[in-house]
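These notes are about the structure you will find just below.
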Amino acid sequence: MEHALEVILHECKPERVILYAEKRTLTTDQLKSVSFCIIMPECEDKNALMQRLYLAIESDVPVNLTLYTHDEWAALQHDPSSYAAWIGRRGRVIYESTP
C-alpha cells in the first residue's frame, strides 16, 4: 500500500489521496486488494493519467483507483447519494498537500 502511494505521488501532484477500501482475508488478515481515491487540483486528460498510474503501480494485490478533480469532488460532496460522498464518509485521508 505504501509503495502504491509513493507511485501516485511521483506520477501526479494530487491535493489529496483517500484510502477507502482494504480487503483482507478473514483467517490471516492478509491484504487482498486496496482502493484509493485521488483528488487532483485539475486534470485535462483523466484517462491518460489513470492509464499511467495503473501501469506504474506494481503490486502483489489488485489496486483500484478512482480519480476526481477538485471541482468534481467539491460538487459531489453535496450529493449524499454520490459515490464521491460515500468515499468521503468511509475513507481515510492518507495524503494531503500543504498549501
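The chain is numbered in sequence order, starting from 1.
The local environment of CD in Gln30 is sparse, with at most 12 non-hydrogen atoms from other residues, nucleotides or ligands closer than 6.0 Å. Applying the 6.0 Å contact sphere to CG of Asp79 captures more than 12 heavy atoms from other residues, nucleotides or ligands.
Residues Leu67 and Leu53 fail the side-chain proximity criterion, which asks for heavy atoms closer than 4.5 Å. When side chains are defined from C-beta on, Pro80 counts as touching Arg89, because their heavy atoms get closer than 4.5 Å.
Between the side chain of Gln77 and the main chain of Ala84, a donor-acceptor pair closer than 3.5 Å is present. The closest donor-acceptor contact from the side chain of Arg52 to the backbone of Cys12 lies at 3.5 Å or more, if one exists at all.
Asp71 CG to Glu42 CD: the interatomic distance, rounded to the nearest 0.5 Å, is 8.5 Å. Note: Glu2 CD to Ile94 CD1 = 8.5 Å, rounded to the nearest 0.5 Å. Distance CZ/Arg90 to CG/Leu19: 9.5 Å, rounded to 0.5 Å. Note that OG1 of Thr69 and CD of Glu15 are 9.0 Å apart. Values are rounded to the nearest 0.5 Å. Separating the CD1 atom in Ile38 from the CD atom in Glu11 is a distance of 10.5 Å, to the nearest 0.5 Å.
Residues Leu31 and Ile8 fall into different hydrophobic clusters, defined by Ile, Leu, Val, Met, Phe, Trp and Tyr side chains chained together at heavy-atom separations under 4.5 Å. Put simply, Val61 and Phe36 are part of two different groups of oily side chains (I, L, V, M, F, W, Y) that touch within less than 4.5 Å, one to the next.
Every salt bridge (charged side-chain N to carboxylate O under 4.0 Å, His left out) that Lys46 has, sequence neighbours left out, goes to Glu72. For Glu96, the salt bridge (charged side-chain N to carboxylate O under 4.0 Å, His left out) criterion is met by Arg16, not counting sequence neighbours.
Residue Trp73 shares its hydrophobic cluster (ILVMFWY side chains chained together at separations under 4.5 Å) with Ile18, Tyr20, Ile39, Tyr68, Leu76, Tyr83, Trp86, Ile87, Val93.
The two residues Leu65 and Met50 have their closest heavy-atom pair at O-CE, 3.3 Å.
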